[in-house]
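For reference, the structure discussed in these notes is given below.
If you're wondering where the values come from, they're calculated on a predicted model, not measured in any experiment. So you know, we letter chains A, B, ... as the sequences are listed, proteins then strands, and number each from 1.
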Protein chains: 2
Amino acid sequence: MLNYQVAAPAPLDLAFQALADPTRRVMVERLSQGPASVSELARPLDMTLSAVVQHLAVLEASGLVRSQKIGRVRTCRIEPQTFTAAERWLSERRASWERRFDRLGAFLAETEAETGADDDPATPSAAPGVRRRRKKT
Amino acid sequence: MLNYQVAAPAPLDLAFQALADPTRRVMVERLSQGPASVSELARPLDMTLSAVVQHLAVLEASGLVRSQKIGRVRTCRIEPQTFTAAERWLSERRASWERRFDRLGAFLAETEAETGADDDPATPSAAPGVRRRRKKT
DNA sequence: CTGATACTTAAGTGAATGCTTAACTATCAG
DNA sequence: CTGATAGTTAAGCATTCACTTAAGTATCAG
């Protein structure tokens, strides 16, 4: 069970990072309505073509967008898979706390009927503090 | 219909930016299982408490996490709303291209029956190139 | 009061970002 | 061939980021 975390950029890092920029989200919004060329993506944006190309590079590196060049025109389109990965991460977290709320709800409903308190399922375990230092000796 | 885009950081910028960091995602994963103190969040992380507090500040600024201090312990918990906003943005984009695929599917099914070709609904409109320069004269 | 615990805050640093300008390389139209 | 179009690539630069160390400030236990 190796995780990235050290030195290698996890796919989700790149995806969320790419989506964090408003310019790039505008580009993704445009592409979600259908493929577009680079200059088409650039049209509504208040910056040089060069900057747009750099944003595109970020989107491609993240896997959210794919492109191919035909003649002198590069056509870009959305790559659904990476997109879905980001969506899934979010919904999994939500599932996690919603499960917890359900349990809490059940607990409250139970103690409402017969007042015999147990252990609060939403309370953190509160452990002693041990500090770490980074690898650097 | 004013949008952020200029000078002010849109809520989604902050949310996606916050989620782009693996350390912060670990923190969010922990919190999605229930509230936790700062040192509890720091325990599995290979960095100083100080750094964790700074990550927490980013998460709070993004609205993904909320915290309150009782005595000397700060308890952190997930704030579902902002989370949902990010999820919604993603699913709306997906809805957009899925609608397009449906139309394409319908179009193909139609031309399969009676071969009378029209205009490809997935093809970009290809307009002339006009370059902008940033505000700076 | 005294010492640990649980953060807080400030300053500094190297690397990553989001641009710009400038100079270039392929198409494609005539 | 010639000029416009579409994109590419390389510097350079101001900011922001993700840390670190260092020096606090409130609790709380004894």
Legend entry - B:Ser37 backbone acceptor or donor facing B:Glu40 side chain under 3.5 Å: yes
Legend entry - D:dT5 phosphate, OP1 or OP2, under 4.0 Å from A:Ser39 side-chain N/O: no
Legend entry - Length of the line joining A:Asp13:CG and C:dA15:C1', which is rounded to integer Å: 15 Å
Legend entry - Interatomic distance, B:Phe16 CZ vs D:dC17 P [rounded to whole Å]: 17 Å
Legend entry - Under 3.5 Å: donor-acceptor pair, side chain of A:Arg93, backbone of B:Ser32: no
Inset, instruction - Taking B:Gln17 for its side chain and B:Leu14 for its backbone only, find out whether a donor-acceptor pair lies under 3.5 Å. - result: no
Legend entry - By side-chain hydrogen bond (donor to acceptor under 3.5 Å, both in side chains) - contacts of A:Glu29 (at least two apart): B:Trp89
Inset, instruction - Look at B:Thr23 and D:dC19 and indicate whether a side-chain polar atom (N or O) is within less than 4.0 Å of OP1 or OP2. - result: yes
Inset, instruction - Could you check A:Gly71 against A:Arg24 and say which one's nearest nucleotide on DNA chain C is further toward the 5' end? - result: A:Arg24
Find every protein N or O atom lying less than 3.5 Å from an N or O atom of nucleotides 8-13 of chain C, and list the pairs.
| from | atom 1 | to | atom 2 | distance (Å) |
| --- | --- | --- | --- | --- |
| C:dT8 | OP1 | B:Arg74 | NE | 2.4 |
| C:dT8 | OP1 | B:Arg74 | NH2 | 2.7 |
| C:dT9 | O4 | B:Ser50 | OG | 3.0 |
| C:dA10 | N6 | B:Ser50 | OG | 3.4 |

Inset, instruction - Quickly work out the A:Glu60 CD to D:dT9 P distance and round it to whole Å. - result: 12 Å
Inset, instruction - Could you check how far CG of A:Leu41 sits from P of D:dT8, rounded to whole Å? - result: 12 Å
Legend entry - Whole angstrom value for the distance that separates C1' of D:dA6 from CZ of A:Arg43: 12 Å
Legend entry - Below 4.0 Å: OP1/OP2 of C:dC7 and any side-chain N or O of B:Ser37: yes
Inset, instruction - Please determine if a side-chain N or O atom of B:His55 lies less than 4.0 Å away from the OP1 or OP2 oxygen of D:dC17. - result: no
Inset, instruction - Could you work out which one of D:dG7, C:dT17, C:dA6 sits closest to the side chain of B:Arg72? - result: C:dA6
Legend entry - Whole-Å gap separating P (C:dA16) and CG (A:Asp21): 18 Å
Inset, instruction - Determine yes or no for a side-chain-to-main-chain donor-acceptor pair under 3.5 angstrom, with B:Ser62 supplying the side chain and B:Ala15 the backbone. - result: no
Legend entry - Nucleotide C:dC7, atom C1' - distance to CD1 of B:Ile70 in whole Å: 15 Å
Legend entry - Salt-bridge criterion met for B:Arg66 and B:Glu60 (N-O under 4.0 Å): no
Inset, instruction - Would you mind reading off the distance between A:Arg25 atom CZ and C:dG18 atom C1', rounded to a whole angstrom? - result: 15 Å
Inset, instruction - Return the orientation label for the A:Phe83 and B:Trp97 ring planes: parallel under 30°, perpendicular over 60°, tilted otherwise. - result: perpendicular
